[in-house]
Amino acid sequence: MDKRSFIKLSGMVTAGALITPSLTFCTNGEKQVDQNNKPAFEKFILPTLPYGYDALEPHIDAQTMEIHHGKHHASYTSKLNAALEGRDSFYGMQIEDVLDRLTADDDLVAIRNNGGGYYNHSLYFETMDPSGGGVPGGILGEAINARYGNFESFKDEFSNEAKGVFGSGWAWLILDKNRQLQISSTPNQDSPLMKNIVETPGTPILGIDVWEHAYYLKHQNKRSDYIDAFFSVINWDKVAARFSSATK
Ligand code: MN
């Protein structure tokens, strides 16, 4: 039963003290249950890209997008489902709640890696757009200016964090537990939502994938060129909607 479906920004679930903007939801709005009236196993599905593989050219090339979404994100999705099957304490949960509950226990490492990969890529792909780029306005723009002085200073700090990730990982703009904007990074596929695992937990507002698979075909070893290209396609309307939901 593939009841978990496409990305939706307006839905919200509660995670800790913050409201986490939800990326996924049950299409029928009801939990699937087994014969004992307990939540049943439901597969997460690969979100459909809201634009074509070539839509972010020339900033992000079509071949990278096709492999990244069609192979890597698809693989995290199927491996997450395989890892969750039979683990009924996780049944019926949104992905945000799965990540919120995880610990660094060896027994949970497949859910950690693939659940993080599933969530992080869902967020990454939906916060880019061919008409993106520029500078955020509204309350997000004001909050960035208040925290970092101006947009350029924010961009520098975020870019430096992304450049500084050693090996594979992500850089983030999050809303932390004190409801403060923070720039942070995580190794591998760890997500800021993994509050029991990561150094700086919070609600991710924006994230950049700095695994080489995100940029190597076009930019090879030049990660900073890819970071600049990413800033040309950030969908600030979506990012601002996530910020608004998280700060409500
Ligand atoms: Mn990736």
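Counting starts at 1 for both ligands and their atoms, following the listed order.
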Worksheet item: Would H73 and Y118 count as having a side-chain donor-acceptor pair, cut-off 3.5 Å?
Response: no
Worksheet item: Does the side chain of T103 come under 3.5 Å of the side chain of D105 through a donor N or O and an acceptor N or O?
Response: no
Please report, to 0.1 Å, the donor-acceptor pairs under 3.5 Å made by any side chain of residues 146-154, with sequence neighbours excluded.
{"from": "R147", "atom 1": "NE", "to": "L181", "atom 2": "O", "distance (Å)": "2.6"}
{"from": "R147", "atom 1": "NH2", "to": "L181", "atom 2": "O", "distance (Å)": "3.4"}
{"from": "R147", "atom 1": "NH2", "to": "Q182", "atom 2": "OE1", "distance (Å)": "3.1"}
{"from": "N150", "atom 1": "OD1", "to": "E152", "atom 2": "N", "distance (Å)": "3.1"}
{"from": "N150", "atom 1": "OD1", "to": "S153", "atom 2": "N", "distance (Å)": "2.8"}
{"from": "N150", "atom 1": "OD1", "to": "S153", "atom 2": "OG", "distance (Å)": "3.1"}

Worksheet item: Tell me, which protein N/O/S atoms are under 2.8 Å away from the Mn ion (ligand 1)?
Response: H68 NE2, H121 NE2, D209 OD2, H213 NE2
Fill in: Option passing side-chain hydrogen bond (donor to acceptor under 3.5 Å, both in side chains) with Y76 (candidates Q189, H121, K71)
Q189
Worksheet item: Side chains of H59 and D228: donor-acceptor distance under 3.5 Å anywhere?
Response: no
Worksheet item: Quick one: are T203 and I174 in side-chain contact, heavy atoms under 4.5 Å?
Response: no
